[in-house]
Amino acid sequence: QQSPVSAETPHEDCFIFDERVFVKGVEEIDRLDNATKARIEQYCGKRGVFYYNRTMHEADVWHFETLDNRYRLLTHFYGFMLF
């Protein structure tokens with residue numbers, strides 16, 4: 001099983017891990033407290049937000065599509081993901 005993470009333009013998406021959203025599902029996003037929402041907004045800016053989920057967690061492999069040979073992921077996951 002693969003969990004694709006792709007964007008047609010670089011820096012389009014913002015990757016977030018929130019335990020409540022992971023455990024309870026996407027319906028929990030609307031219930032996040034104001035401080036958490038503000039922190040996510042500050043971190044993500046204008047980028048679209050997507051949350052780490054069960055599908056990603058259960059995937060054997062993550063494939064980060066770049067659509068271009070100019071981009072490579074050479075960092076630890078905690079360098080580009082807000083916890």
Side-chain angles (χ1 to χ4, degrees):
Q1 180 182 14
Q2 281 189 346
S3 181
V5 178
S6 66
E8 292 186 14
T9 58
H11 315 294
E12 183 178 282
D13 296 316
C14 186
F15 196 18
I16 304 294
F17 176 83
D18 182 88
E19 183 178 9
R20 293 163 295 190
V21 174
F22 177 75
V23 171
K24 296 181 180 180
V26 295
E27 59 277 352
E28 196 66 20
I29 294 170
D30 291 333
R31 298 184 188 122
L32 294 174
D33 60 77
N34 289 337
T36 300
K37 288 178 184 178
R39 186 168 174 240
I40 291 170
E41 186 176 310
Q42 180 182 18
Y43 181 78
C44 295
K46 295 179 181 179
R47 296 176 293 163
V49 176
F50 75 98
Y51 290 83
Y52 181 79
N53 58 42
R54 292 275 180 198
T55 301
M56 293 175 173
H57 184 73
E58 293 170 1
D60 295 328
V61 175
W62 283 15
H63 175 77
F64 288 82
E65 183 179 336
T66 62
L67 299 175
D68 193 321
N69 290 331
R70 295 179 299 159
Y71 300 104
R72 292 175 58 194
L73 182 64
L74 297 173
T75 186
H76 294 284
F77 68 90
Y78 48 79
F80 66 87
M81 185 176 182
L82 179 67
F83 290 88

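It should be emphasised that the depicted structure is a prediction, and the values quoted were computed from it without experimental measurement.
- Looking only at side-chain heavy atoms (C-beta outward), Phe22 and Tyr51 stay at 4.5 Å or farther from each other.
- Here the closest heavy-atom approach between residue Phe17 and residue Glu19 is recorded as CE2-N, 3.7 Å.
- Ring orientation note: the planes of Phe15 and Phe50 are close to parallel, at an angle under 30° on the 30°/60° scale.
- Between Leu32 and Lys37, the shortest heavy-atom contact is O-CE, 3.0 Å.
- How far CD of Glu41 is from CG of Asn34: 10.5 Å, rounded to the nearest 0.5 Å.
- Val21 is not listed as a side-chain neighbour of Glu27, based on a closest heavy-atom distance of 4.5 Å or more.
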Pair Asp18-Ile29, side chain to side chain contact (heavy atoms under 4.5 Å, CB included): steps then yes or no: CA-CA 9 Å; Asp18 182 88; Ile29 294 170; over 6 Å; no

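- Residue Asp13 comes nearest to Arg47 through the heavy atom pair O-NH1, 3.6 Å, listed as atom of the first residue, atom of the second, then distance.
- From Asp33, atom CG reaches atom CZ of Arg20 across 5.5 Å, with rounding to the nearest 0.5 Å.
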